[in-house]
Structures are given as C-alpha cells and as structure tokens.
Amino acid sequence: MDRDDGVLEAPYRLEYTYQRSTGPVIGRFLTGLRDGQLEGVRTAAGTVMVPPLEYDTQGAATGEAVKVGPAGTVTTWAWVTEPRREHPLTQPFAWALIKLDGADTAMLHAVDAGSIAAMRTGLRVTPRWRAARTGSIRDLECFIPADAASAAVADAAAAAPSVTLFPSPVRLDYTVTAGHHLSVYLRAMQDKRIVGGRCPSCTKVYLPPRGACPTCGVPAAETVDVADHGVVTTFCIIRIPFDAAPFPPPYVAVAVLLEGADLPIYHLVRGIEPEQARMGMRVKAVWVPDEQLGPTLASIKWFEPTGEPDADRAQIERHL
Amino acid sequence: MSRAGHRHRDVAIISFAQLPPVARDAARDEAELVQPVVNQALAEAGLTRKDIGFTVSGSCDYLIGRPFSFVSALDGVAPWPPIAESHVEMDGAWALYEAWVRLQQGDVDTALVYAYGKSSLGDLPAILTTQLDPYYLAPLGIDGISLAALQARALLDSGRASERDLAAVAAARRGGDAAALLGAAYTVAPLRAHDCPTVADGACAVVLAAGDVARRSARKAWIRGIDHRVEPHQLGSRDLTCSPSTTTAAEHAGVASLGAIDVAELHAPFSHQELILRDALGLGASVSINPSGGALVANAMMVAGLARIGSAAARIHDGTARTAVAHATSGPCLQQNLVCALAAEVSP
Ligand SMILES: [Zn+2]
C-alpha cells in the first residue's frame, strides 16, 4: 500500500494460540463458573478474596473455597459508549468492580445496565450466565441490575472433570510501515533494480539500506545501485517440509553477496542439484515476469548459477 | 544516603535529549528513532560512544509487533565493536534504574540510557490488554482507558476530586479553559478526551556519570535517591484512589531530604492520576508540576517515564530548579511506580 510520503505499509496480524494451565485455585474457580457457581477463597487473615488467587497480598497461601454472591454491589464503574471487538458486550455497557455478597475484594466484570443513567456506585447487580459454559471468566456473560433481574439461575451442572486448561488466544492487528529506507529498496524491486545504502563514514554498502550504520552511528543514506548477480557466501539445504516452504524439499537457501554490496541478502538457488551448492558459487537473479513485479523481494523468483568459475574464498571471507 | 544508611555512589544525569513526540512517525524505523537522540545526548555530555561503560534501553516489542525490535534498535547506538548492553521490556525509566544500579558497582563511570516507542503501528488498547492478568482480566478485553476510568470514578466517589478538578489538570497541561472542557462528551465516562493521553511515537536518551566524569561535567543533576515499588495486580485488592507504592518509593528515594522541591515531573497519562500522584508525594502548591507538559500531552509509550526524569534533570541543568522529583509509572492504574530525587548539589 502507498502512502503520501512514499513509505510502504501493509496490514499485519500477530496471533498466539496459547492455552493456559490454571493451577488448582484458579481452576477451582473456573470449574465453579462452568457449573454456574461463584466461589472465593479464604485468606490467612480470614478475609474472602474474589476472584481467588493462590496467595494473598501479604504473600500467604490462601485456603478453603467460600461460596459468594451471586449478587453483589458496584464499588466503581466506567461507561463504554463504543464497545471494542474484544469487549464482552456489543451494546453500550459499564465496566464495574463488583463486591459479591460475602466477599472482601471486588472483581471486574461488565454490567449490562441499558443506559449510563441506570449506573451508580452502590448499585446491586446479579450475574447473567451464558447457556454454554466452558470454564472461563466469560461464562459470566455480564452482570445486570438486581432489581431488573429475573435472576436466572444457571442450569444445573452435569458431572464433568475440573477445569485445568483454557484457550487464551492473543490477536493483535498492526499496520506495519517499511520505513523510508526499506521502502526505497522495495520500490526499486518493481523496476528490477536492487538498491543499497552507502555509509558516508565507512563507505560500506548496506543491503537493504538502513537508517543507521551500526558501526559508525550515522545514517547510511546515500543510495547506490547494486548488481543482480554475485557470489554465494554460505548456504544450507532444506530437507524438512513445512507449511510455508516454497518448494518440496530438498532445496537450497543461500546468502548472496551481490556485486557492489557489503552485506549478503538471503534467497533461494534453483537450477542445480542441492548437493552441488557450494560457497563461492556465482549466481544471478531470476526475476518474475514483468507483469508480476512488485515492491517486494519476491520480485526475484530465485537465483541460478551463472556457470562462471567460483570466487576465491578470500573474496567472501569477511562476509561470513 | 539511603534510608538504611548505606552511602550510594553519587551518580549524575549529565545530558538529556528527546525527539519531539509526534502522533505518527512512519518514515523512521526503530534505529532511526534512537540514533538522533543518542547522538545528541552524547554530544551534550561531551562524550563519544567509546567513553560509555554501560548501555541500557527500555522498549516493548509488542508495540510494533516485531520480535527483537530492541535488537534492531541497537543499530542506532552503533554497538560495534561490541558494547556492554542490556534491555528492559519496560519504560526507559526502569532502564535508568538498572544503569544506576550498574554504576554502583564502581568499575564503570558512564552509562547511556535510551527508550523508544512507536505506538502508531498497532491498536494500543488491545496491546495493553495483553499485559493484564490472563485469567480474569485479559479474557474480558478490558482496555487501558477503561481501567483508568474505573480509577477516576473511584477517586470522584471518594470526594477528594471532582470532574472540574480533572478538567483543571487537563487545562493546565494542554491550555484552554477548564469550564469549557467540561462541555465535551465522555470518552469512557467519567473520562473525557482531554483527560486521556495523547499517544505519540518518540524516543529519548539520558547519559549518567559517576566519579571524575561526573565532577568534570558541565551540567549535573545528581540522583540523590531512586526507588521503585509495585502493587498487587488484582485491581480489587488495591485502593485505586491513592498510590501507596509511589509514597513508599519516595520515602526510599529520600525525597524528604531534598527540602523544598522546585519541580516535579509526574508520569500521569490521565488527568486524575496527576492528582493521585500529587497526594502520594505530598506536593504542595509551591511545586511547579509538569512544566514539560507531561505524559497527558505526549505519551510516547516506554519513553514518557524516562522523559520525565530527563525533563526534571534539564530544569536543574538550566538552573531554573535546584531540586526536582521525577516519577514514572507502569501497568494499569498506576500499578508500579518509580521515584527519582534530583538535586543540583551532590549528597551532603
Ligand atoms: Zn559506517
């Protein structure tokens, strides 16, 4: 995607599909939620902590489970007019810290109060349970004002094993930018040009160009054209298949020192048997057809041997 | 002198540089954010990279969604030949704490501390949710502004502040008229847009020196004490209307021994948090609070705390203050707090 300032940007999603183990204390609470029950835990000082943790704020282990609620009292609240995707409700709602009856600490949850005018500190609320429960804080869909409540009782629990694990996915959406220097490099690719950046101090040509020479502490900002052929400094043969593999194995990945550059780039070599790959081999870029060129390193399909005699090791020694 | 009576090695902040925070800096990568502030801080300290004994940074890879972003940023420091380097996945104020501890060992006399943050690439509220308790809070998807709003309501309910007091803080930092601000709609009630931080991309750097390097330096803001404390992560176990961890950190940092405090730079991303922090530190009407504008006006994530320390030191450097208190925070609702006591004169 293009921006006015020439900096490339693209959407990017980071996802982790974690599962979390609960341990005995949190697991007992989540098992209770699944079964439609609210429980706290007794601290060494005799208070009741909800939701329960393994240790109290003084570091002492907590003890027996204590039934609490189901109703409680709002101790503080905030009103959300535009719920986010991750929020538990899609209509405007309140976040609240709720001290359940019988508890000494308040727990966070949502209150479906209908309007901000219906919310106040001290409001009595009662839970609205989900029909299908799995052992999660979200088994409580939310709380609702107690006076409005036909306080639906949770369905009786079928006998099921205790909750010890629950899915804990993370999804984060970004719009990543390539920055000025990388954008120059990527844009040149669509013209079948490879552009490096020269440091004014040590004269090294970085590929891709970078805003900071890591040796000199100044921008390596002067752009210079680099050849699309060069020498393999090192390589490996991939023999294990994986989802994102570009070809069925075996195939060869290489570091190529392009003529005119001081840093190798990483790519693939085709056109030889993997066993023939070697350090010092001379290779040349194979570009995609013109209509497929774009601001991406994928504009180079792969590298192929030129057939010229190999370079001396001395020529690649300081790039290893 | 710490409260326990151990003599600390005297360490001074001898320079501070920061990028002007902007809402979005798409053209610069992390190394390019870092390089100019590092170069400027070194130049103002009259030092080169080779003079630096220890380098430490604060940043958060989740902000840009790129693993080892802090390693990429090192290019901006020119770490070749190899340097002694460390990193905290926190605000740079905690990197400064590590540098101060490192300088206590006595074998190096200088430290470079920097921080950078680029929040504009991601969905900051969603990113901040990932720092929460993964069992009881993160699954609800509660975001940082909503958490701050719960704290603000608790403060209002306590009777110690009104929405007008919040607006007065916003007006003091942003300019404008408090009464007029109250006409704005709520963002997440009881917070309005002016009560919430203006998030920015940015970077800053500080140079610390001890021993002869410090004594020779043209500008010195001596660290008379520094300490940080944390509160329980469970919101319901805290009194959100006050900040006992700030008070304890201030005691251990020796804030009381400064005498009259000229300037306080408080890392209060939300207007009500400035009121809570003023109370926690016992700052009276004579103290100039957040003359830099503070984190309400420019909240460069992972930078704003270190920038508070740097901004307070800059007031001592330019002679407009003899004593200053700098504060940094981390986590929801002022969960963790660092306090640094600064003075023009070295410890007696
Ligand atoms: Zn260079």
Side-chain angles (χ1 to χ4, degrees), chain A residues 3 5 7 9 12 14 18 20 22 26 30 49-51 53 56-57 75-81 84-88 95-97 99 105-110 116 121 136-138 166 168 170-183 210-219, chain B residues 26-32 34-35 38-39 42 49 62 64-66 74-81 120-123 125-127 129-130 134-143 145-154 157 185-191 231-232 234-238 240:
Chain A
R3 294 164 37 90
D5 55 9
V7 173
E9 64 179 29
Y12 171 64
L14 188 63
Y18 292 128
R20 288 193 181 272
T22 60
I26 292 171
L30 296 180
M49 180 198 279
V50 183
L53 296 175
D56 67 18
T57 56
T75 63
T76 185
W77 59 280
W79 186 257
V80 176
T81 49
R84 296 174 50 83
R85 179 185 65 81
E86 310 85 1
H87 287 170
W95 291 114
L97 284 172
K99 196 178 276 191
T105 61
M107 68 180 273
L108 180 89
H109 221 293
I116 188 172
T121 301
S136 156
I137 191 74
R138 291 186 79 150
F166 71 100
S168 182
V170 173
R171 184 186 118 184
L172 298 170
D173 285 303
Y174 297 86
T175 302
V176 290
T177 56
H180 173 70
H181 299 279
L182 198 55
S183 296
R210 49 173 90 186
C213 173
T215 309
C216 306
V218 296
Chain B
R28 281 195 249 222
D29 64 22
E30 46 271 62
E32 291 168 282
V34 165
Q35 189 181 66
V38 164
N39 285 347
L42 288 170
R49 287 174 172 68
Y62 277 87
I64 25 189
R66 182 167 155 182
L74 266 177
D75 277 3
V77 190
W80 186 266
S120 63
L121 304 182
D123 177 4
I127 292 168
T129 300
T130 63
Y135 301 99
Y136 300 143
L137 294 183
L140 294 173
I142 189 165
D143 54 279
I145 292 180
S146 295
L147 287 163
L150 288 168
Q151 183 181 36
R153 172 84 59 199
D157 284 344
Y186 291 119
T187 303
V188 176
L191 296 178
E231 295 178 37
Q234 193 174 58
L235 291 168
S237 294
R238 292 172 51 191
L240 297 177

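Note that this is a predicted model, so its numbers are computed, not measured. Each chain gets a letter, A, B and so on, in the order its sequence line appears, and its residues count up from 1.
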(request) Tell me, out of B/Ser237, B/Pro232, B/Pro79, who's got the most heavy-atom pairs with chain A below 4.5 Å. (result) B/Pro79
(request) Calculate, to the nearest 0.5 Å, the distance between atoms CG and CZ belonging to A/Leu97 and B/Arg238 respectively. (result) 10.5 Å
(message) Any non-hydrogen side-chain atom of B/Thr129 less than 4.5 Å from a side-chain atom of A/Glu86?
(response) no
(message) Could you report the tightest heavy-atom contact between B/Ala154 and A/Thr76, atom names first, then the distance?
(response) N-OG1, 3.2 Å
(message) Taking B/Tyr135's backbone N and O only, do any of them form a donor-acceptor pair with A/Arg20's side chain (distance below 3.5 Å, no angle check)?
(response) no
(request) Carefully, step by step, assess B/Trp80 and A/Thr215 under the rule side chain to side chain donor-acceptor pair (under 3.5 Å). (result) CA-CA 5 Å; B/Trp80 186 266; A/Thr215 309; 5.1 Å; no
(message) Suppose we screen for side-chain hydrogen bond (donor to acceptor under 3.5 Å, both in side chains). Which residues come up paired with A/Asp56, at least two apart in sequence or across chains?
(response) none
(request) Measure across A/Cys216 and B/Ala78 and return the closest heavy-atom pair with its distance rounded to 0.1 Å. (result) C-CB, 4.0 Å
(message) Quick check on A/Leu172 against chain B: is it the side chain, the backbone, both or neither that has a heavy atom closer than 4.5 Å?
(response) side chain
(request) Could you tell me which portion of A/Ala178 (side chain, backbone, both or neither) has an atom closer than 4.5 angstrom to a non-hydrogen atom of chain B? (result) neither
(message) Can you list everything that forms a side-chain hydrogen bond (donor to acceptor under 3.5 Å, both in side chains) with A/His180? Sequence neighbours excluded, please.
(response) none
(request) Name the option with the most non-hydrogen atom pairs under 4.5 Å to chain A; the candidates are B/Ala148, B/Gly76, B/Pro125, B/Pro190. (result) B/Pro125
(request) Please flag which part of A/Leu182 lies under 4.5 Å from any non-hydrogen atom of chain B: side chain, backbone, both or neither. (result) neither
(message) Between B/Gln35 and A/Gly217 (side chain of the first, backbone of the second, donor and acceptor by atom type, cut-off under 3.5 Å), is there such a pair?
(response) yes
(message) Heavy-atom cut-off 4.5 Å, strictly under: side chain, backbone, both or neither for B/Arg66 against chain A?
(response) neither
(request) Before giving the answer on side-chain contact (heavy atoms from CB on, under 4.5 Å), spell out for A/Trp95 and B/Ile142 the whole-Å C-alpha distance, their side-chain angles and the decisive distance to 0.1 Å. (result) CA-CA 8 Å; A/Trp95 291 114; B/Ile142 189 165; 3.6 Å; yes
(request) Could you check which of A/Phe166, A/Trp79, A/Tyr174 has the highest count of heavy-atom pairs closer than 4.5 Å to chain B? (result) A/Tyr174
(request) Test side-chain contact (heavy atoms from CB on, under 4.5 Å) on B/Asp29 and A/His181 and set out the steps. (result) CA-CA 9 Å; B/Asp29 64 22; A/His181 299 279; 5.7 Å; no
(message) Does any part of the side chain of A/His87, heavy atoms only, come nearer than 4.5 Å to the side chain of B/Leu140, both counted from C-beta?
(response) no
(message) A side-chain contact here means heavy atoms from C-beta on lying under 4.5 Å apart; do A/Thr175 and B/Leu121 qualify?
(response) no
(message) Quick check on the interface: out of A/Ile26, A/Thr22, A/Ile116, A/Val80, who has the most heavy-atom pairs with chain B under 4.5 Å?
(response) A/Ile26
(request) To the nearest 0.5 Å, tell me how far A/Trp77 CH2 sits from B/Leu150 CG. (result) 10.5 Å
(request) Answer with side chain, backbone, both or neither: which region of B/Thr130 has an atom nearer than 4.5 Å to a non-hydrogen atom of chain A? (result) side chain
(message) Less than 4.5 Å to any heavy atom of chain A: does that hold for the side chain of B/Gln234, its backbone, both, or neither?
(response) side chain
(message) With a 4.5 angstrom heavy-atom cut-off, is it the side chain or the backbone of A/Thr75 that approaches chain B, or both, or neither?
(response) backbone
(message) Applying the salt bridge (charged side-chain N to carboxylate O under 4.0 Å, His left out) criterion to B/Asp123, which one of A/Arg85, A/Arg84, A/Arg171 satisfies it?
(response) A/Arg84
(message) For chain A, which candidate among B/Leu191, B/Val188, B/Val77 shows the most heavy-atom pairs at distances under 4.5 Å?
(response) B/Val188
(request) Against chain A, work out which of B/Ser146, B/Ala31, B/Ser120 has the most heavy-atom pairs shorter than 4.5 Å and name it. (result) B/Ser146
(request) Find the one option among A/Val176, A/Val50, A/Val170, A/Leu108 whose heavy-atom pairs under 4.5 Å with chain B are most numerous. (result) A/Leu108
(request) Pick one of side chain, backbone, both or neither for B/Ile145, based on which atoms fall under 4.5 Å of a heavy atom in chain A. (result) neither
(message) Which one wins on heavy-atom pair count under 4.5 Å against chain B: A/Gly179, A/Ala212, A/Ser136, A/Pro214?
(response) A/Pro214
(request) Report the option among B/Leu235, B/Ile127, B/Thr187, B/Leu137 that has the most heavy-atom pairs separated by less than 4.5 Å from atoms of chain A. (result) B/Ile127
(request) Please look at A/Leu14 and chain B and tell me whether the side chain, the backbone, both or neither of the residue comes under 4.5 angstrom of a heavy atom of that chain. (result) side chain
(message) Heavy-atom cut-off 4.5 Å, strictly under: side chain, backbone, both or neither for A/Tyr18 against chain B?
(response) neither
(message) For the CD1 atom of B/Ile64 and the OH atom of A/Tyr12, what is their distance to the nearest 0.5 Å?
(response) 10.5 Å
(message) Looking at every non-hydrogen atom in both residues, tell me the closest pair between A/Thr105 and B/Gly236 and how far apart they are.
(response) CB-O, 3.6 Å
